Amino acid sequence: MTEISNTDDNYVDLIHTVARIFGTVVRDNTVAVPENYGTGYLWARNLPDGLSVMVCNILFNEDMLLNHIPSNGRQYFILQFNESLDDNEPAKQKQTGEHGFNMQQNVVLLTNSLMHSGFFVPAKVRTLCVKIIFEKNYLLNFMEGDVLDEFLSSYFSLLLKNGKVEPVDADYRQLMTELARLKTDHPLSTSFIQNRALMLIEKFILKFMAKLQTNTHAFKLKDDEISRLIKVESLLVKDYSGAPPTISSLSRTAAMSPTKLKKDFKALYGLPVYEYFQKNRMMRAKQLLLEGKYAIKEIGMMVGYTNLGHFAASFKKEFGTLPSEMNTANNLSQYSRHETAEDKLAN
């Protein structure tokens, strides 16, 4: 296993550290993973107000561990989103040390500069990650101080007490994908990255506070139960071209009764099983529309609709607009004259 330890308080510096270890170069704050290590890329951007963002789409030939070492210098928070893009069963999240956490499954984790955290990428598993560094003062521009203090004290109390983490869901996945497909040389890319980073932070805080106030059942789930529910969620969003898995088959996968599965899934993900499937299906359709590569009828079939009218009605119910009315002019991934990180590194 390759292990990289760092105390960097911004991701541009970390990108350069990774490049030195890989024996490669940094181009426009982007690093291509050398063939002897695997495939993929990492890019970073330092933004105003102490915000720093890193996006990774990587597959390593051997296990890789990126360790954040606690620092007594600048105080900041680290919000990490991690998702396997392969069909492999997600590995279990586990603690490392008194206050250390390894990101090893489809989860979201908030830590701070005083805590040890490890970003673990298992060999031969393509992984998408988004990591955001921000300071408390940054959030005070958008939140009342007493609300922020309540969130931070409640979150870290529960995290250090029982190690509970938030799963990656449809909302997070959409924003992560948009960042991964960003045309990084677009003139509005900085504003886009800052907007999506803030949206991820906001959704994380709102989801946690909603559970804290109305859904204490989610915090009572055992680690093994959460792992099994994450596997169920992965099956639900794996393929939209046909009917979703039945509750019976999902129950067998989760080793739970149908009643417990439906109750626990809603507690963890905020929606009933099939509403969650439908939300993800429509978000996938929107994503395909924004790519501009397929006709509307083709996209409808790709997400399981044989009737174009039914597809259009479902799309409008979810987003308030018809697929044909979707305006892609301002979507940064649409500008063919600009390159994604993958395009840039391939040239």
Side-chain angles (χ1 to χ4, degrees), residues 57 81-90 105-108 126 128 130 166-181 196 199-200 203 206-207 210 228-254 258 261-328 331 333-334:
N57 189 333
F81 301 80
N82 184 53
E83 181 170 38
S84 166
L85 300 181
D86 294 332
D87 293 336
N88 306 58
E89 181 176 349
Q105 61 180 10
N106 300 348
V107 296
V108 187
R126 181 158 295 280
L128 174 64
V130 175
E166 174 85 4
V168 168
D169 65 6
D171 294 329
Y172 295 136
R173 186 176 292 114
Q174 175 70 21
L175 296 171
M176 293 169 67
T177 302
E178 289 179 4
L179 282 169
R181 295 182 176 180
R196 293 310 188 265
M199 290 175 69
L200 283 168
K203 287 183 181 296
L206 291 177
K207 285 175 182 290
R228 285 181 277 154
L229 290 169
I230 287 174
K231 186 176 181 180
V232 165
E233 194 269 352
S234 296
L235 289 174
L236 270 179
V237 302
K238 180 180 178 181
D239 181 18
Y240 302 111
S241 62
T246 65
I247 292 294
S248 295
S249 65
L250 293 174
S251 298
R252 289 192 294 272
T253 297
L261 170 66
K262 289 187 283 188
K263 179 181 179 182
D264 289 357
F265 188 94
K266 184 177 181 181
L268 191 61
Y269 288 97
L271 288 172
V273 173
Y274 289 131
E275 286 186 34
Y276 185 87
F277 171 83
Q278 182 65 8
K279 180 179 178 70
N280 269 272
R281 180 159 68 152
M282 289 300 97
M283 292 181 76
R284 176 57 178 160
K286 180 180 179 181
Q287 188 179 93
L288 291 168
L289 276 168
L290 294 176
E291 288 179 9
K293 298 178 182 179
Y294 308 99
I296 293 175
K297 184 177 181 179
E298 290 179 293
I299 293 172
M301 295 180 67
M302 291 167 72
V303 295
Y305 284 87
T306 56
N307 185 301
L308 185 58
H310 290 168
F311 168 58
S314 297
F315 192 91
K316 186 170 184 178
K317 181 179 179 181
E318 181 67 27
F319 299 113
T321 185
L322 292 170
S324 58
E325 298 169 342
M326 177 65 63
N327 180 9
T328 61
N331 181 59
S333 65
Q334 278 297 106

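Keep in mind the model is a prediction, meaning the values are calculated, not measured.
Side-chain contact between V168 and M176 is present, with at least one heavy-atom pair separated by less than 4.5 Å. Here the side chains of S241 and V303 are not in contact, with every heavy-atom distance at 4.5 Å or above. Between N106 and N82, every side-chain heavy-atom pair lies at or beyond the 4.5 Å cut-off. Inter-residue side-chain proximity for P167 and V108 is flagged as unmet; no heavy-atom pair is nearer than 4.5 Å.
With S249 contributing its side chain and P245 its backbone, the two residues share no donor-acceptor pair below 3.5 Å. Judged by distance alone, with hydrogens and angles left aside, the side-chain atoms of Q174 form no donor-acceptor pair with the main-chain N or O of D171 at under 3.5 Å. Put simply, the side chain of R196 never gets that close to the backbone of L175: no donor and acceptor are under 3.5 Å apart. Of the possible donor and acceptor atoms, one in the side chain of E325 sits under 3.5 Å from a partner among the backbone N and O of L322.
Note: L250 CG to F277 CZ = 10.5 Å, rounded to the nearest 0.5 Å. In this structure, CG on L289 lies 4.0 Å from CD1 on I299, to the nearest 0.5 angstrom. Note: Q278 CD to L236 CG = 12.0 Å, rounded to the nearest 0.5 Å. Between L261 atom CG and T253 atom OG1 the span is 9.0 Å, to the nearest 0.5 Å. Taken to the nearest 0.5 Å, the CG atom of N280 stands 8.0 Å off from the CG atom of D169.
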Notebook entry, point to check: Should K266 and L271 be marked as a side-chain contact (heavy atoms from CB on, under 4.5 Å) after you check the CA-CA gap, both sets of side-chain angles, and the distance that decides it?
Noted result: CA-CA 5 Å; K266 184 177 181 181; L271 288 172; 5.8 Å; no

Notebook entry, point to check: Where do V232 and Y269 land on the side-chain contact (heavy atoms from CB on, under 4.5 Å) test, with the steps shown first?
Noted result: CA-CA 11 Å; V232 165; Y269 288 97; over 6 Å; no

Check: Under the side-chain contact (heavy atoms from CB on, under 4.5 Å) criterion, do F81 and V107 qualify, and how do the steps go?
Finding: CA-CA 6 Å; F81 301 80; V107 296; over 6 Å; no

Notebook entry, point to check: What's the verdict on side-chain contact (heavy atoms from CB on, under 4.5 Å) for T306 and M301, showing C-alpha distance, side-chain angles and the deciding distance?
Noted result: CA-CA 6 Å; T306 56; M301 295 180 67; 6.0 Å; no

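Evaluation of the side-chain contact (heavy atoms from CB on, under 4.5 Å) rule for K262 yields I247 as partners, not counting sequence neighbours. Annotation: salt bridge (Lys or Arg N to Asp or Glu O under 4.0 Å) contacts of K203 (sequence neighbours excluded): none.
The only option from E178, E233, Q287 that meets the side-chain hydrogen bond (donor to acceptor under 3.5 Å, both in side chains) definition with R173 turns out to be E233.
Annotation for P323 and A312: closest pair CD-CA, 3.9 Å, computed over non-hydrogen atoms. Heavy-atom minimum distance, Y294 versus L288: CE1-CD2, 3.9 Å. Here the shortest heavy-atom pairing between P258 and S251 reads CA-OG, 3.3 Å. In plain terms, the two heavy atoms of F315 and T321 that are nearest each other are CD2-O, 3.2 Å.
Between R228 and D264, no side-chain nitrogen of the basic residue sits less than 4.0 Å from a carboxylate oxygen of the acidic one, so the salt-bridge criterion is not met. A salt bridge is defined here as a Lys NZ or Arg NE, NH1 or NH2 lying under 4.0 Å from an Asp or Glu carboxylate O, and K286 with E291 fails to meet this definition. A salt bridge between E166 and K207 is absent, with no side-chain N of the basic residue lying under 4.0 Å from a carboxylate O of the acidic one.
Note: Y305 and F311 have tilted aromatic rings, judged against thresholds of 30 and 60 degrees for the angle between ring planes.
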